[in-house]
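Below is one structure, written out as C-alpha cells; the observations come after it.
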Number of protein chains: 2
Amino acid sequence: MKIDPKSRSDLSAQIAKAIRDAIISGDLIVDERLPSEAELADQFDVSRPTVREALKRLAAQNLIRTQRGATGGAFVRRLSYDEAYAHHITTSTLLLSMNAVDFQTACEARFALERACAPLSAERRTPDHLATMRAEIHRQGQPGLSDESFCDSDVAFHRALVDGASNPVLSYQLAGAVEAMQPLMNMITFTQRNRDVIVALHTRIADAIEARDAASADAALSELTACTLQLGRDAMAARAARASP
Amino acid sequence: MKIDPKSRSDLSAQIAKAIRDAIISGDLIVDERLPSEAELADQFDVSRPTVREALKRLAAQNLIRTQRGATGGAFVRRLSYDEAYAHHITTSTLLLSMNAVDFQTACEARFALERACAPLSAERRTPDHLATMRAEIHRQGQPGLSDESFCDSDVAFHRALVDGASNPVLSYQLAGAVEAMQPLMNMITFTQRNRDVIVALHTRIADAIEARDAASADAALSELTACTLQLGRDAMAARAARASP
DNA sequence: GAACTTTAAATGTCTGACATTTTGATGGCA
DNA sequence: TGCCATCAAAATGTCAGACATTTAAAGTTC
C-alpha cells in the first residue's frame, strides 16, 4: 500500500485516502496497529503534522481510534452499529435540512421503508419489542406532553417496530430515514384530536404485530402514512397563513 | 457558540464538535465562511495546528470545504446527495465487512427495502429508468461476462429500479443497502443457468414496472429474493466444502 | 515475590517559520 | 480613460523542532 503520486492537492487528504483504501480493501484488519506517526511521516515523506491531519480525518469517520502511551498508536477500529447509527442519523438530518427536502418526500420515504419492515417484525418481534411499543403508546397518551416529547416517543415507537425485525442492517438503514425526519416532525403542532388518532393507529399496529398479522400492520401503517402527510400539509398551510395574513 | 469546557480529551475533537453543532443547529449556514484558522486559534485559545486538525475532521465529513488564497478560508458546505451516497455506501460496506454480517441478513434487508420502492417506481418511473433497466438486462445476457461485471450490472439495474421512485431520500437510504452488498454478492459464482433465471426475473420486473403493475413487480422481487438467498446458501456450502474436503 | 521507580515510546500540543495560491490594489503605459 | 503588469496581503498548506502527557513495560528495592 501507501504510494503517493505527486499530484497537486492536499497531502493529508491523499494520505487519508491511501490508508482508508487499505482498510476497505482489507489490507489493514480490525484492531491492527498502524505505524506510528513518525514512521508514517517517513514512509510518505511528509511531516508529522501532515500525517496527524490525515489521521484526524480517519478518526472523524470512526475508521481508527488512537491511544496514547507506550503501546499506543492508531488502530483500525471496528465500526459498531451504534456509532454507525449516530453517524448516519447526523448525516441524514443534515442532508434533509441543507437540501430543503420537503415533508412529503421525507415522509413517503420513511413510511415506505417502515412498511417493508413490518412483515418481518410481525414474524420475529420479541416481548421486549412489544413492551417498548406499548410503553411508548402509553406515554403518548399522557396529558400535558409537549409536542417535542410526543415526537420523541413517536420515534421510539417506530424504532421498536423496526428493531422487531431483528435485522441490524435493516435497523441501521431505517434509522436514517426515521430519525432524520424528527426536525420536520417538530414543525407540526399535534392537537389532542391528532394525538388520539395517532395513538389509535399505533395501538392497531402494536396489536397487529403482537398477533403476527402482517396485513393488518400494513393497513394501519398505510393509514398512518396518510394521516401524517395530512398533518404535514396542514402545518405548511398554517405556516403560509401566518407568513402572509 | 464556541465555548470549550476544560474537559480532558482531544482539543481538536472538542473544537470540531463545537463547530459541527453550530452547523447542525443552523448557527452557521451554507456557504458561510468560518473565521480564519488564526482567529479560531485565538477564540479557542489553542494553536493553529490544533485548529487545523479540527477542520480536517469536519472536512472528512464533507461539512466544510477549504479554499486557499486571499479570500479563502473554510466554508460551510452544502452536503450533496452524491457525496452523501458515496459516504453512506463506504460506511455501509465497512459496517457489513467488519461485523461479519451474514449474507442472509444483508440480503433480506436489501430486498425488503427494495420491495418498498417498487410500487412507487411502478407509479413514477420515466422512460429513462426503463431504458437503463433494459440496457442492464441486455448486458447481463452477454456471453463471457465476468461474475464481477454481472454483479456491477445487477447493482445498476436495481439502482435504476429504486431511482424510478423519484424520491432522493429513498434512493439515498437504499444505496447503502444495495451497494454495500456487492462484496458479498461477489463471493457468488453465477453459472449460466443462474444468470438465465436472474435475467428472466429482471425482465419480469422491468415489464411490471413498465406496465405500472406494482403487484407483479412485487411478486417477481419476491422470487428474486428467494433465488438470491439460495445462491448465497450454495456459495456458503461450496466454500465450506472447499475448506474441509 | 510484590511493590515501587524509572524509562521509553507514543500521542497531544505549541511555536515559529516558510511555501503556495489567490485576490485586489497599485501604478505605468497606450 | 482604460488596460495590463506587477506587487502586496491574506489565507491555507507544509515543515522542523520542541515540550507535555500518558501509558506500559522494564528495572530496582525490600
Expressed as a whole number of angstroms, how long is the span from [X]:[atom1] to [N]:[atom2]?
{"X": "Leu34(A)", "N": "dT11(C)", "atom1": "CG", "atom2": "P", "answer": "9 Å"}
{"X": "Glu37(A)", "N": "dA10(C)", "atom1": "CD", "atom2": "P", "answer": "10 Å"}
{"X": "Ile15(B)", "N": "dC14(C)", "atom1": "CD1", "atom2": "P", "answer": "8 Å"}
{"X": "Gln67(B)", "N": "dT12(D)", "atom1": "CD", "atom2": "C1'", "answer": "10 Å"}
{"X": "Gln14(A)", "N": "dG13(D)", "atom1": "CD", "atom2": "P", "answer": "13 Å"}
{"X": "Arg52(A)", "N": "dG17(D)", "atom1": "CZ", "atom2": "P", "answer": "18 Å"}
{"X": "Asp42(A)", "N": "dT14(D)", "atom1": "CG", "atom2": "C1'", "answer": "16 Å"}

>> Does atom CD (Gln142(A)) have a neighbourhood of more than 12 heavy atoms from anything else shown, all under 6.0 Å?
In response: yes
Expected rows: protein N/O vs nucleotides 16-19 of chain C N/O, under 3.5 Å:
none

I'd like to check the salt bridge (charged side-chain N to carboxylate O under 4.0 Å, His left out) partners of [X]; sequence neighbours left out, ordered by chain and number.
{"X": "Glu114(A)", "answer": "Arg110(A)"}
{"X": "Arg65(B)", "answer": "Asp31(B)"}
{"X": "Arg33(A)", "answer": "none"}
{"X": "Asp21(B)", "answer": "Lys17(B)"}

Please determine, for the side chain of [X], which listed nucleotide ([options]) has the closest atom?
{"X": "Thr66(B)", "options": "dT22(C), dT12(D), dT14(D)", "result": "dT12(D)"}
{"X": "Val46(A)", "options": "dA24(D), dT23(C), dC15(D)", "result": "dC15(D)"}
{"X": "Ser47(A)", "options": "dA16(D), dT22(C), dT13(C)", "result": "dA16(D)"}

>> Can you pull out every salt bridge (charged side-chain N to carboxylate O under 4.0 Å, His left out) where at least one residue sits in residues 80-105 of chain B? Sequence neighbours excluded, please.
In response: Arg77(B)-Glu83(B)
>> Quick test of your reading: applying salt bridge (charged side-chain N to carboxylate O under 4.0 Å, His left out), list the pairs with at least one residue in residues 163-176 of chain B, sequence neighbours left out, ordered by first then second residue.
In response: Arg159(B)-Asp163(B)
>> Between Glu53(A) and Lys56(A) (salt bridge meaning N to carboxylate O under 4.0 Å), is one present in this structure?
In response: no
What's touching nucleotides 3-8 of chain D from the protein side, N or O pairs under 3.5 Å?
none

>> The criterion is side chain to side chain contact (heavy atoms under 4.5 Å, CB included); which residues satisfy it with Glu108(B), sequence neighbours excluded?
In response: Leu120(A), Arg124(A), Asn167(A)
> Between Thr71(B) and dA11(D), does any side-chain N or O lie under 4.0 Å from OP1 or OP2?
Replying inline: no
> In terms of the nearest nucleotide of DNA chain D, which residue is placed more toward the 5' end: Ser12(A) or Arg33(B)?
Replying inline: Arg33(B)
